[in-house]
Amino acid sequence: MENASEMAIAQMRKSVEKLGSSTEKYKDPTLMRFLIARSMDADKAAKMFVQWQKWRASFVPNGVISDSEVPDELVGKKVFLQGLSTEGYPLVIVKASKHYPSKDQLQFKKFVVHLLDKALASSIKAREVGNEKLMAILDLQQIGYKNVDARGLITGFQFLQAYYPERLHKLYILNMPRFFVSVWRIVSRCLEKATLEKIMIVTNDEEARVFVREVGEETMPEEYGGRAELVAIQDVTSAFPTLEG
């Protein structure tokens, strides 16, 4: 199996070169994420990789989206970045009741990149390996119709699938109200099977216990059964390295 993976990576590197680009700066774990996302098809993975490179160069030319580029999205303090889970994944928490559909879609898209990059970078100790992942909680507690943003959810998932392949370890959806079920049906139709398999809608006490155990009490905020305090993403000020992919 290891030889098959090495062969696929070597073939992908050649395919990327044929498309006029290069993988010279990228380690094998980064390329493997693209291969997994494309069922180990080297040519399809290469095409996805090159598209990602072009997108990253145009959308994040400085290598990072700064707080000053997404002020409207940060002001509501709706996204939180906790420590690492029991398996070493950074935990992102989104409180949907503090979110309102954005009037500035470009800024919202930049915010998606900002939070994903910052979360992933927070798990890097020295240098990026390339296979870092994150865990996330989407909390729908006290959500109202004014907070519903199917377009925003779809945009977030599309970015994950197209530009952050195999970066999501698990997403837990909490406190889903009855009226939101129809919204979720619309959103889920836009998701790839691999993404859907990483999403758990927590509906009972047993699932909640599993959820807390997988995250870890030291990282989980008190309101979800842990011992940590919530930390807004803009209040996490450590200097994180720039992601390579």
Side-chain angles (χ1 to χ4, degrees), residues 1-66 69 84-85 87-90 92 106 109-136 154-171 188-199 239-245:
M1 187 66 181
E2 186 176 345
N3 289 336
S5 296
E6 290 174 356
M7 288 174 61
I9 289 171
Q11 182 58 51
M12 178 182 168
R13 289 187 185 277
K14 291 178 182 177
S15 296
V16 169
E17 288 181 9
K18 289 179 181 177
L19 292 172
S21 190
S22 171
T23 60
E24 187 178 353
K25 295 191 300 180
Y26 303 94
K27 296 183 276 293
D28 288 355
T30 294
L31 303 185
M32 182 54 70
R33 289 192 293 105
F34 287 85
L35 280 164
I36 292 171
R38 289 297 175 261
S39 303
M40 301 304 290
D41 185 309
D43 290 336
K44 290 181 180 178
K47 183 178 179 181
M48 182 186 192
F49 179 81
V50 171
Q51 288 173 337
W52 166 78
Q53 283 182 310
K54 292 177 180 178
W55 166 80
R56 189 86 190 177
S58 64
F59 201 77
V60 197
N62 299 321
V64 65
I65 302 290
S66 66
E69 295 179 73
L84 303 182
S85 73
E87 296 181 77
Y89 304 121
V92 176
L106 177 58
K109 290 176 181 178
K110 286 186 175 183
F111 182 61
V112 171
V113 173
H114 171 81
L115 75 89
L116 291 174
D117 281 2
K118 192 167 185 178
L120 289 164
S122 71
S123 68
I124 300 172
K125 292 183 172 64
R127 297 186 64 181
E128 182 183 6
V129 174
N131 58 359
E132 293 82 4
K133 297 176 184 283
L134 61 84
M135 296 179 76
I154 291 170
T155 295
F157 281 118
Q158 286 176 335
F159 270 49
L160 262 175
Q161 293 176 160
Y163 307 127
Y164 295 83
E166 294 300 308
R167 288 296 204 182
L168 178 65
H169 173 66
K170 201 86 174 256
L171 167 63
S188 62
R189 290 193 194 110
C190 302
L191 307 187
E192 297 171 0
K193 181 183 177 183
T195 302
L196 285 169
E197 289 174 348
K198 297 172 184 176
I199 298 172
F240 299 138
T242 300
L243 289 174
E244 74 161 28

| request: Check whether any side-chain heavy atom of Phe34 lies under 4.5 Å from a side-chain heavy atom of Val16, and answer yes or no. | output: no
| Minimum-distance pair of heavy atoms, taken over all atoms of Val92 and Ala119 | CG2-CB, 3.4 Å
| Run the side-chain contact (heavy atoms from CB on, under 4.5 Å) check on Leu160 and Thr195 step by step: do they pass? | CA-CA 9 Å; Leu160 262 175; Thr195 302; 5.8 Å; no
| field | Closest heavy-atom pair and its distance - Arg33, Gly130 | value | NE-O, 2.6 Å
| query | When rounded to the nearest 0.5 angstrom, what distance separates CG in Leu171 from CZ in Phe157? | reply | 5.0 Å
| Any side-chain heavy atom of Ile199 within less than 4.5 Å of one from Leu191? | yes
| Under 3.5 Å, is there a donor-acceptor pair between the side chain of Glu197 and the main chain of Ala194? | no
| request: To the nearest 0.5 angstrom, please state how far the CZ atom of Phe159 sits from the CZ atom of Phe111. | output: 13.0 Å
| field | Distance, nearest 0.5 Å, that separates NE2 of His169 from CD of Glu87 | value | 4.5 Å
| field | Close side-chain approach of Met32 and Met40, heavy atoms under 4.5 Å | value | yes
| Residue pair Leu35 / Ala42: nearest heavy atoms and the distance that separates them | CD2-CA, 3.8 Å
| task | Using a strict 4.0 Å threshold on nitrogen-to-oxygen distance, state whether Lys198 and Glu166 make a salt bridge. | result | yes
| So, for Ala162 and Pro165, which heavy atoms are closest and what is the spacing to 0.1 Å? | O-CD, 4.4 Å
| task | Identify the heavy atoms of Met12 and Ala46 that sit nearest to each other, and give their distance. | result | O-CB, 4.0 Å
| With a 4.5 Å limit on heavy-atom distance, are the side chains of Leu134 and Leu168 in contact? | yes
| query | Short question: side chain of Ser39, backbone of Asp41 - any donor-acceptor pair under 3.5 Å? | reply | no
| Side-chain (Gln161) to main-chain (Glu192) donor-acceptor, under 3.5 angstrom | yes
| Below 4.0 angstrom, N of the basic side chain to O of the carboxylate: do Arg56 and Asp117 qualify? | yes
| query | How far does CD1 of Ile9 sit from CG of Asp28, to the nearest 0.5 angstrom? | reply | 4.0 Å
| task | First locate atom CG of Leu115, then atom CG of Leu120, and finally report the distance between them rounded to the nearest 0.5 Å. | result | 9.5 Å
| Does the side chain of Ser123 come under 3.5 Å of the side chain of Glu132 through a donor N or O and an acceptor N or O? | no
| field | Nearest heavy-atom neighbours spanning Phe59 and Ile65 | value | O-CD1, 3.9 Å
| message | Could you measure the distance from the NZ atom of Lys54 to the CG atom of Leu19? Nearest 0.5 Å is fine. | response | 8.0 Å
| said: If you count heavy atoms of other groups shown closer than 6.0 angstrom to NZ of Lys133, is the number above 12? | reply: yes
| request: For the residue pair Trp52 and Tyr26, categorise the inter-ring angle as parallel (less than 30°), tilted (30 to 60°) or perpendicular (more than 60°). | output: perpendicular
